[in-house]
There are 2 protein chains.
Amino acid sequence: MSQMTYTRIMATDRDTVLEAAVGVLSRRPTAHLDEIARAAGISRATLHRLFPGREALIREVGLLGLHRFAAALDTAAVEDGDAEAALRRLVDAAVPDAALCAFLAGENQLYDDDGVNDLWEVQIARLHALFLRGQQQGVIRIELSAAWLSEAFFDLVAGIGWAIQDGRLAPRDAAFSLAELFLGGALRRADAPTPPPTAPSARTPETDTP
Amino acid sequence: MSQMTYTRIMATDRDTVLEAAVGVLSRRPTAHLDEIARAAGISRATLHRLFPGREALIREVGLLGLHRFAAALDTAAVEDGDAEAALRRLVDAAVPDAALCAFLAGENQLYDDDGVNDLWEVQIARLHALFLRGQQQGVIRIELSAAWLSEAFFDLVAGIGWAIQDGRLAPRDAAFSLAELFLGGALRRADAPTPPPTAPSARTPETDTP
DNA sequence: GTCATCTGAGACATGGATGTCTCAAAATGG
DNA sequence: CCATTTTGAGACATCCATGTCTCAGATGAC
């Protein structure tokens with residue numbers, strides 16, 4: 001009966017600890033467990049009671065990050081409506097969890113776990129689909145591959161996370177800075193006419209402005 | 001007498017090993033020395049003869065990366081002439097060493113070494129100055145801080161490095177993808193008139209398009 | 001061919017982080 | 001107030017990467 005109560009308490013404890021762990025691990029992926037425990041305000045013994053080992057802890061941090069990013073994609077409803085508007089919603093939804101994304105970016109090939117990797121693939125596929133749709137809608141530039149746009153978007157979100165953590169970027173400016181920079185590069189220019197739909201050469205010499 | 005010969009031979013060996021080490025470390029910063037040695041085609045014993053320990057190896061990889069990036073800044077002559085042209089030259093010069101930058105991006109706060117950190121600060125300052133100059137020339141958007149642009153540029157170069165290493169991006173497309181995406185977001189739009197030079201608010205509501 | 005040098009493979013010691021345990025103190029719940 | 005549970009501190013044991021050493025074979029100079 002009280003089982004559920006304990007479970008709930010432990011769940012919140014685990015999340016609190018994971019949040020603290022992210023703060024340390026996103027910067028120093030090799031931080032000792034002592035450090036993580038201290039950052040979480042608990043002892044190393046309790047940390048071991050919550051997570052059976054370092055590997056499990058890292059795994060759960062990764063899962064938390066992926067779930068948060070998935071939730072951001074859900075919140076932004078990235079599969080609905082205009083791609084540009086969806087992207088702007090996604091920026092706002094993802095920036096608060098930028099630190100998690102920073103951790104994922106640094107660690108994402110470090111997982112042997114299928115659960116983590118599969119979840120990762122799903123989210124990246126959703127991003128990819130968003131950019132593809134935007135290209136089909138004529139909103140996103142087609143000279144840049146959707147794969148590269150997905151990757152670059154995630155890299156910039158991670159960069160936002162790092163910059164905020166190190167105090168190089170004000171959290172207030174984060175969403176604006178990300179949206180303006182990335183969308184400026186990814187959106188089709190309004191003044192540029194529709195390029196020939198056939199043979200979209202990867203080398204459009206659009207840069208020459210004599 | 002033959003001292004110089006040996007020194008020269010060892011120098012090239014060291015660079016070869018460092019190149020191989022980058023390939024491993026940029027992806028898995030915690031890779032064992034065995035792995036690095038195997039990737040370099042030498043034994044762990046020889047690796048220890050070339051570098052007195054892991055710390056020294058990591059340090060030298062970092063220094064190599066910073067020297068390469070500094071050389072790219074030199075090659076691009078980033079302090080000369082039009083900022084946009086300088087940026088385009090920098091993209092071409094930096095992309096071949098993107099893997100090194102990827103390593104630096106993941107590891108750059110991990111150094112206690114003053115020599116490494118100072119060199120890092122210098123290069124970032126040069127990038128920062130380039131963006132500042134571009135903003136004064138009216139070429140680079142002023143709504144985005146030069147600090148953020150510097151950071152984002154480096155993050156994207158690192159992203160290029162990771163993507164190439166994992167085969168997600170063709171090396172041929174790297175410079176184009178980076179230049180188009182980043183410059184698209186960083187350059188002042190040709191059609192946008194000069195914003196009021198006084199009180200450059202960081203919240204230009206340019207995004208609203210009713 | 002002979003010599004000096006470099007290299008690779010392995011054994012071995014070491015250090016430090018991790019994992020496990022116990023027990024007293026604190027917190028919680030009735 | 002008492003019983004139960006959780007927590008923290010510390011003492012270990014263990015594991016593994018690192019660092020060091022030796023020695024036989026390979027490489028290269030002369």
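Letters A, B, ... mirror the listed sequences (proteins, then strands); counts begin at 1. Just so it is clear, the structure is predicted and the values come from calculations on it, not from any experiment.
Taken residue by residue, residues 22-33 of chain A places heavy atoms nearer than 4.0 Å to DNA chain C at A/H32, A/L33.
Applying the side chain to side chain donor-acceptor pair (under 3.5 Å) rule to A/E60 yields the partners A/R14; only residues at least two apart in sequence or on another chain are considered. For the side chain to side chain contact (heavy atoms under 4.5 Å, CB included) test, residues two or more places apart in sequence or in another chain that qualify with B/L119 are B/L63, B/L66, B/H67, B/Q123.
The pair A/E55-A/R59 does not count as a salt bridge, with every side-chain nitrogen at least 4.0 angstrom from each carboxylate oxygen.
One interatomic measurement links the two molecules: CZ of B/R38 to C1' of C/dA9, which rounds to 14 Å at whole-angstrom precision. Taking atom CZ on B/R54 and atom P on D/dG19, their separation rounds to 8 Å, with Å as the unit. Protein atom CD of A/E35 is 14 Å distant from nucleotide atom C1' of C/dG16, rounded to whole Å. Between the P atom of D/dT22 and the NE2 atom of B/H48 lies a distance of 16 Å, rounded to the nearest Å.
A donor-acceptor contact shorter than 3.5 Å is absent between the side chain of B/R189 and the backbone of A/G184. Side-chain atoms of B/R133 come within 3.5 Å of backbone N or O of B/V78 as a donor-acceptor pair. A donor-acceptor pair under 3.5 Å is absent between the side-chain atoms of A/D166 and the main chain of A/R168, judged by distance alone. Remark: side-chain polar atoms of A/R89 are paired, donor with acceptor, to backbone N or O of A/A77 under 3.5 angstrom.
Residue pairs meeting the side-chain hydrogen bond (donor to acceptor under 3.5 Å, both in side chains) criterion with at least one partner in residues 97-107 of chain A, sequence neighbours excluded, are A/R68-A/D97.
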Worksheet item: Can you give one letter per nucleotide of nucleotides 7-14 of chain D, 5' to 3': B if a protein heavy atom sits under 4.0 Å from the base, S if only from the sugar-phosphate, - if neither?
Response: BBB-B---
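Taking the ring centroids of B/F154 and A/W162, they lie at or beyond the 6.0 Å cut-off. For A/F182 and A/F131, the distance between ring centers is under 6.0 angstrom.
A rotation axis mapping the C1' atoms of four pairs onto the next four is fitted at both ends of the helix from C/dG1-D/dC30 to C/dG30-D/dC1 over five pairs, and the angle between these axes is 40° to 10 degrees.
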